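Structure first, then comments.
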Protein chains: 2
Amino acid sequence: MTAETVDLRLTPQRRAVLDVLRAATDHPTAAEVFDRVRRVQPGIGSATVYRTLGRLVAAGQALELTLDGQPAARFDANTERHDHLLCQSCGAAADIHAPLADGLLADVAARTGYAGLSYDLVFHGLCPACRASQAPSAP
Amino acid sequence: MTAETVDLRLTPQRRAVLDVLRAATDHPTAAEVFDRVRRVQPGIGSATVYRTLGRLVAAGQALELTLDGQPAARFDANTERHDHLLCQSCGAAADIHAPLADGLLADVAARTGYAGLSYDLVFHGLCPACRASQAPSAP
DNA sequence: TGCCATACTGAGAACCGTTCTCAACACATC
DNA sequence: GATGTGTTGAGAACGGTTCTCAGTATGGCA
Ligand SMILES: [Zn+2]
Ligand SMILES: [Zn+2]
Ligand SMILES: [Zn+2]
Ligand SMILES: [Zn+2]
């Protein structure tokens, strides 16, 4: 098996979880995935959803994000290296590419002695919709 | 009151929590803060520690970090803008300065329409100690 | 100084997200 | 069909955090 194929029997339940996750662009929580999957597989249990999400993450087919201030983990079928933008008001999480300056990782490694560095970068701000609804005029 | 002074009665319990947090450089969890405070205020309850940490964070006197893959939040009395370095093996969290390239925040704001942007940057890697103990020779 | 309103505390219950347990089930192989 | 292995769903268990509430300390004021 390659890194791309998963060593999992592709049961209807797993297929449904994977489909829901691949169709999502909003970084749903496990509970949200569960709700969406249930529309298609009404009998599915939450344990199966949690298990499947965990397997997908372990197999590199999904990412798990834990965003500051939100207790529930969010899942992302976009496994390419990317960053996130989180609205402080409505909680929406969007993808964005904002690569670090070349050499910054190497610089950090050199300064600290850490090996195999990677990073997570999350921007926080007010999304256009929330900005419009919160401060249409000067406060 | 200014942004620096807290609008809290400085009870012995709160004083102890603040002292413990200011003395810590390891980004302790609430449970760890609780343990350390108890050595000095044996009767304190965990609710008081959680409440006080929450108040300090709300007042800008401490930061709360939720690091990927670790269920418990960590607290940091260093409120200056800084980044973090997390060892994937032992979980140690260290402070580091690795400022984003000038203009990157403005660029992200321009591309997305988000306002009031800030960011959190966490590096992941293997700390020197763990590296030494894990792979002294070629695997 | 004594009294009152207010804020704070600690024990424990409640809560929420997640993981575990286990009996029933599906599937492939013989 | 029998057998083994892996999967499922219900519910219990778990860990971190927040809530509730009766008792206590504090500060302001007569
Ligand atoms: Zn928003
Ligand atoms: Zn994403
Ligand atoms: Zn380490
Ligand atoms: Zn720090």
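This structure is a prediction, so every number in the text was calculated from the model and none was measured. Just the heavy atoms: all of them, side chains too, but no hydrogens, waters or symmetry mates, feed the values below. Letters A, B, ... are given to chains in the order of the sequence lines, protein chains preceding strands, and every chain is numbered from 1.
- Using bins of under 30°, 30° to 60° and over 60° for the plane-to-plane angle, the ring pair B:H84/B:H27 lands in the perpendicular bin.
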Pull out every protein N or O sitting under 3.5 Å from an N or O of nucleotides 14-18 of chain D, one pair per line with the distance.
unit_1, atom_1, unit_2, atom_2, d
D:dT17, OP1, B:A73, N, 3.0
D:dT17, OP2, B:Y50, OH, 2.8

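- Between the CD atom of A:Q13 and the P atom of C:dA26 there is a distance of 10 Å, given to the nearest Å.
- With rounding to whole Å, A:L10 atom CG is found 18 Å from C:dA26 atom P.
- Taking atom CZ of B:R51 as the reference point, atom P of D:dC19 lies 11 Å away to the nearest angstrom.
- Between A:L117 and A:Y114 the shortest side-chain heavy-atom distance falls below 4.5 Å.
- In this structure, CG of A:L56 is placed 13 Å from P of D:dT7, rounded to the nearest angstrom.
- Between the P atom of D:dA10 and the CD atom of A:Q41 lies a distance of 13 Å, rounded to the nearest Å.
- Residues meeting the side-chain hydrogen bond (donor to acceptor under 3.5 Å, both in side chains) test with A:D68, sequence neighbours left out: B:T66.
- Residue B:L10 is found outside any hydrophobic cluster, as its side-chain heavy atoms come under 4.5 Å of no other Ile, Leu, Val, Met, Phe, Trp or Tyr.
- For A:I44 and D:dG11, the CD1 to P distance is 16 Å, given to the nearest whole Å.
- Here A:G54 lies out of heavy-atom contact (under 4.0 Å) with every strand.
- For the atom pair CZ of B:R14 and CD1 of B:I44, the computed distance is 10.0 Å after rounding to the nearest 0.5 Å.
- The distance between atom CG of A:L18 and atom P of D:dT7, rounded to the nearest whole Å, is 15 Å.
- C:dC25 atom P lies 16 Å from atom CZ of A:R9, rounded to whole Å.
- Within the 4.0 Å cut-off from OP1 or OP2 of D:dT8, at least one side-chain nitrogen or oxygen of A:T11 is found.
- Annotation: cation-pi pair A:R38/A:F34 present, NZ/CZ under 6.0 Å from the ring centroid and within 45° of its normal.
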